[in-house]
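In each ligand, atom 1 is the first atom listed, and ligand 1 is the first ligand listed. Keep in mind it's a predicted model, so treat the numbers as computed, not measured.
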Amino acid sequence: MEPGLSLIKQHLTTLNIPAAAGILDELLLEAQKKDLTCQEFLYQLVAHEVNTREKRRLEKQLKWAAFPEYKTLETFDVREQRSLSQKQLNQLKELHWLEQAYNLLLLGPPGVGKSHLATGLGIEAVRRGYKVHFTGMEELVGLLKTQVITRSSRTRIKRLTTSDLVIIDDLMFMAIDRQEANLFFQLINKLYGQTSLIITSNKGPEEWGEILGDPAITTAILDRILHKSEVLALTGESYRLKHRQTIFGPSQPDILKTHKE
Ligand code: ADP
Ligand code: MG
């Protein structure tokens, strides 16, 4: 006697294969209609489970990573960024630097695509199964200062320290005091050697000392960040400014020029 469909589904669920159980009816009908072989049918059933799991994993890891925006490398137009070639971008996308625990420093003025590139590389890393966590420098300092008293800060710091890749956006954007610099150093020290960093900043490392205020701590931080690192200096006009929407049509006078007059 042929086993009942409900029993098969029950077994699939017991074996922790719920997506396959969910699609079984539909797939059986399709198999009959299209005259699929047993092997084809079985493949489709198993592939559905695998794809569903992968999709869930991706969603979960993207949430965990806390990217402020979903900006991928596919939407990063390399022709807009003269200091980066398509070949270099492809190399970055391969993520060998991440495998070898290299850090990336993305430097350049506002609007040239530092955060977009950092997020795009982060999303690529998540797709390849790496654990990634994104934070802004200002937010990070807040987390470091409140970790002793706030559980949610401790959770975020834990995520940072258990990631394969940590993205720190807008480093040294604001001046931080000696105690904060110390906490930051402790974090960098903990991550050093086991986690890759992507750091974006509109100031070069030579200027970080000034903003940190303490040359000794700055040197110690720089030492660890720059030891195994690749620096990418992005240049050009702000993408936002270049592609901004204006209230006048293209034939109308430029709003900025009008402003200057
Ligand atoms: P930055 O972090 O350097 O200040 P962002 O990464 O925030 O700059 O970029 C500003 C805006 O311009 C974002 O919306 C970003 O998606 C877009 N942008 C910048 N560079 C590019 C590019 N090369 N291709 C596509 N979009 C870009
Ligand atoms: Mg930015």
Undergrad: Please table the atom pairs, donor to acceptor, closer than 3.5 Å between any side-chain atom in residues 22-33 and protein atoms at least two apart or in another chain.
TA:
residue: Asp25; atom: OD2; partner: Lys9; partner atom: NZ; Å: 2.7
residue: Glu30; atom: OE2; partner: Lys34; partner atom: NZ; Å: 3.1

Undergrad: Under 3.5 Å, side-chain donor or acceptor atoms of residues 184-192 against the rest of the protein: list the pairs with distances, not counting sequence neighbours.
TA:
residue: Asn189; atom: OD1; partner: Arg224; partner atom: NE; Å: 2.7
residue: Tyr192; atom: OH; partner: His227; partner atom: ND1; Å: 2.7

Undergrad: Between Arg53 and Glu49, is there a side-chain N and carboxylate O pair less than 4.0 Å apart?
TA: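 Judged by the 4.0 Å cut-off on N to carboxylate O distance, Arg53 and Glu49 do form a salt bridge.
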Undergrad: Shortest non-hydrogen contact from Val132 to Ser163?
TA: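 Taking every non-hydrogen atom into account, C-OG, 3.7 Å.
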Undergrad: Using a 4.0 Å cut-off on heavy atoms, what residues surround ligand 1? Order them by chain and number.
TA: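 For ligand 1, the contacting residues are Lys71, Thr75, Phe76, Asp77, Glu80, Pro109, Pro110, Gly111, Val112, Gly113, Lys114, Ser115, His116, Tyr239, Arg240.
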Undergrad: So Glu124 and Arg128, do their side chains get closer than 4.5 Å, heavy atoms only?
TA: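 When only atoms from C-beta onward are counted, Glu124 and Arg128 do touch, with a gap below 4.5 Å.
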Undergrad: Testing the basics here: between Leu222 and Pro205, what is the closest heavy-atom pair and its distance to 0.1 Å?
TA: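 So the minimum-distance heavy-atom pair works out to CD2-CB, 3.7 Å.
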Undergrad: Could you grab the protein N, O or S atoms closer than 2.8 Å to the Mg ion (ligand 2) for me?
TA: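 Result, waters dropped: Ser115 OG.
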Undergrad: Does this structure show an ion pair linking Glu54 with Arg127, if we count only N-O contacts that are shorter than 4.0 Å?
TA: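 Looking at Glu54 and Arg127, the cut-off is not met.
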Undergrad: Is it true that the side chains of Asn103 and Ser196 contain a donor and an acceptor less than 3.5 Å apart?
TA: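 Checked: Asn103/Ser196 side chains show no N/O donor-acceptor pair below 3.5 Å.
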Undergrad: In the structure I gave you, are the side-chain heavy atoms of Thr235 and Val112 within less than 4.5 Å of one another anywhere?
TA: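 Counting from C-beta outward, Thr235 and Val112 never come under 4.5 Å.
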